[in-house]
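The chains referred to below are lettered A, B, ... by the order of the sequence lines, with proteins before strands, and numbering in each begins at 1.
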Protein chains: 2
Amino acid sequence: MPLTPDEAARTPRGEETRARILAAALGLFRAQGYDATTMRAVAEAAGVSLGNAYYYFASKEHLLHGFYAQSHADHLEAARPVLARERDFRARLRGVLLAKLDTSEPYHRFAQLLFGAAADPESPLNPFHAMSADVRRQAVALMADVLAGAKAKVPADLAARLPELLWIYEMGIILFWVHDASPGRARSRVLVDRTTELVARLVKLASNPLLAPLRKAIVRTLDDVARDPSAAAEPPPGGEPAGRRPVQG
Amino acid sequence: MPLTPDEAARTPRGEETRARILAAALGLFRAQGYDATTMRAVAEAAGVSLGNAYYYFASKEHLLHGFYAQSHADHLEAARPVLARERDFRARLRGVLLAKLDTSEPYHRFAQLLFGAAADPESPLNPFHAMSADVRRQAVALMADVLAGAKAKVPADLAARLPELLWIYEMGIILFWVHDASPGRARSRVLVDRTTELVARLVKLASNPLLAPLRKAIVRTLDDVARDPSAAAEPPPGGEPAGRRPVQG
DNA sequence: GTCTATAACCGGATAGAC
DNA sequence: GTCTATCCGGTTATAGAC
């Protein structure tokens, strides 16, 4: 049973075929959405057989994985100038989030689906899931950068957790954006505008000695809880379980 | 084209058949999960034909709708004693959330799927979606009750928004719970324990005059944003669109 | 209006030959 | 690595019975 060469040895030709399939899929997803795009259409557009498409991507969902990577790369690129220019925490945060919305806009319809898959813990696409740990780490790292490059003073205990908190906040923004039907997603941009200011004020408040007890309580809770919330059952060493996702979809 | 009698005229016999199908589905979902449960199996377990099952439930997803209703009814029931007994805000909130976890526990595996569907704005199951507005309203109403029955003093502007905020908080708890693989979902219970205390402290702080400007800014943002975040395109009056969910799934 | 039975369509996924 | 053939299950359609 030759499994798909997900991260495994890749020949140059295989690599090219794989890329062609992914590109075809992303193009169709963007043009028609996810459901309307059949694996058969993807295969045809890529000029390969249906079976061959499945050789490279174990399921239709796995094709979405390529989207995450692409999306984050685009985001990094768009955020670069902001991070280079701004030193104010709020300005950095705001710029990075708006960059996220900008780069995601062409995929708005499609992103809804992503969020659906992302909420399913069994899905390999779930950002909490081990397989996507990489994507999540990178997103958190970006928030760490937002913070590190700012002149804001943040208590050490909070600073350790803040990037993760900001990432969760970013997820919330994206969730709103996904549901946002306003023209040009204007309301999402307003939301970023408003809430980044609030976040900045809260972070500033966190240094207030009067609020130290509360801050410490919050950080302690985070510490206790942050031990990988998705520490799900390890996959049995040396092989896939008998059926993949045997129970839930 | 006779459509399914969703809210429409129901004869007693039809009502009974409908209930039998739903019960069969919920049982199978709970026992085997969603994917593993075929519509054919549901029909067989309910003692009806496949066609008949589709006569009552337009799609497999629609069966999930029954779950929301059942789940909330169970929650209300379990929360009743707590709400009758406790007057302390934090105790009420904690009791209600733990009741939610308790009543949801048998459906833990299955609930993951629900969350997947819930994140999809096109899905009729999405709690933000109009079709489920009812379910959401009820959940928010429960939180309003948590607040109203408590002796806590909350500034009026915040009090108006707090039930919704608490509901979002509840959603976050559920999201964590869905991903919680600890035995007996112990970590989720700890999370409720810890965070309800933090929430109570925050609510108490909200009355502090020193923090009034921040509170007002937050409430104003909420007011501006709360104008139905999912005000998606109205469905064309007088009929279903040509294809349902033509683009996204 | 409620229901059965059956056949068919469609698309995701798999098996096994080349 | 790639293909063709096939399976499986959600969904639809039809035709008719109570």
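Rounded to an integer number of Å, the gap from F57(A) CZ to dT2(D) P is 12 Å. Between the CD atom of E44(B) and the C1' atom of dT4(C) there is a distance of 15 Å, rounded to whole Å. Rounded to an integer number of Å, the gap from D35(A) CG to dG12(C) C1' is 12 Å. Rounding to whole angstrom units, CG of residue L64(B) and P of dG10(D) are separated by 12 Å. Y34(A) places its OH atom 8 Å from the P atom of dG12(C), with the value rounded to the nearest Å. Remark: P of dT4(D) and OH of Y54(A) are 16 Å apart, rounded to the nearest angstrom. The separation between M39(A) atom CE and dT4(D) atom P is 16 Å, rounded to whole Å. Put simply, CG on L63(B) is 15 Å from C1' on dG9(D), counting in whole angstrom units.
W167(B) has its side chain within reach of R136(B): a pair of non-hydrogen atoms, C-beta onward, lies under 4.5 Å apart. Counting only heavy atoms from C-beta outward, the side chains of L64(A) and F29(A) approach each other to under 4.5 Å.
Contact annotation: Y56(A) reaches the phosphate of dT2(D) (side-chain N/O to OP1 or OP2, under 4.0 Å). Between Y55(A) and dT2(D) there is no side-chain N or O to OP1 or OP2 distance below 4.0 Å. The side chain of N52(B) places an N or O atom within less than 4.0 Å of a non-bridging phosphate oxygen (OP1 or OP2) of dT4(C). Contact annotation: R18(B) side-chain N/O to dT2(C) OP1/OP2 distance is not under 4.0 Å. Neither OP1 nor OP2 of dT2(C) sits under 4.0 Å from any side-chain N or O of T17(B).
Taking a cutoff of 4.0 Å between a charged side-chain nitrogen and a carboxylate oxygen, R189(A) and D102(A) qualify as a salt bridge.
Side-chain contact of T195(B) with Y169(B): a donor-acceptor pair under 3.5 Å is present, judged by distance alone.
Checked against side-chain hydrogen bond (donor to acceptor under 3.5 Å, both in side chains), R80(A) has the following partners two or more places apart in sequence or in another chain: E77(A).
The K60(A) side chain lies nearest to dG12(C) when the options are dT11(D), dG1(D), dG12(C). Taking the side chain of T11(A) as heavy atoms from C-beta on, and the options dG1(D), dT2(C), dT4(C), the nearest nucleotide is dG1(D).
The base of dG12(C) lies close enough to the side chain of R40(A) for a donor and an acceptor atom to sit less than 3.5 Å apart.
Of the two residues near DNA chain C, G47(B) and L50(B), the one whose nearest nucleotide lies more 5' is G47(B).
Nucleic acid contact for T38(B): sugar-phosphate only, since backbone atoms but no base atoms lie under 4.0 Å from a heavy atom of the residue.
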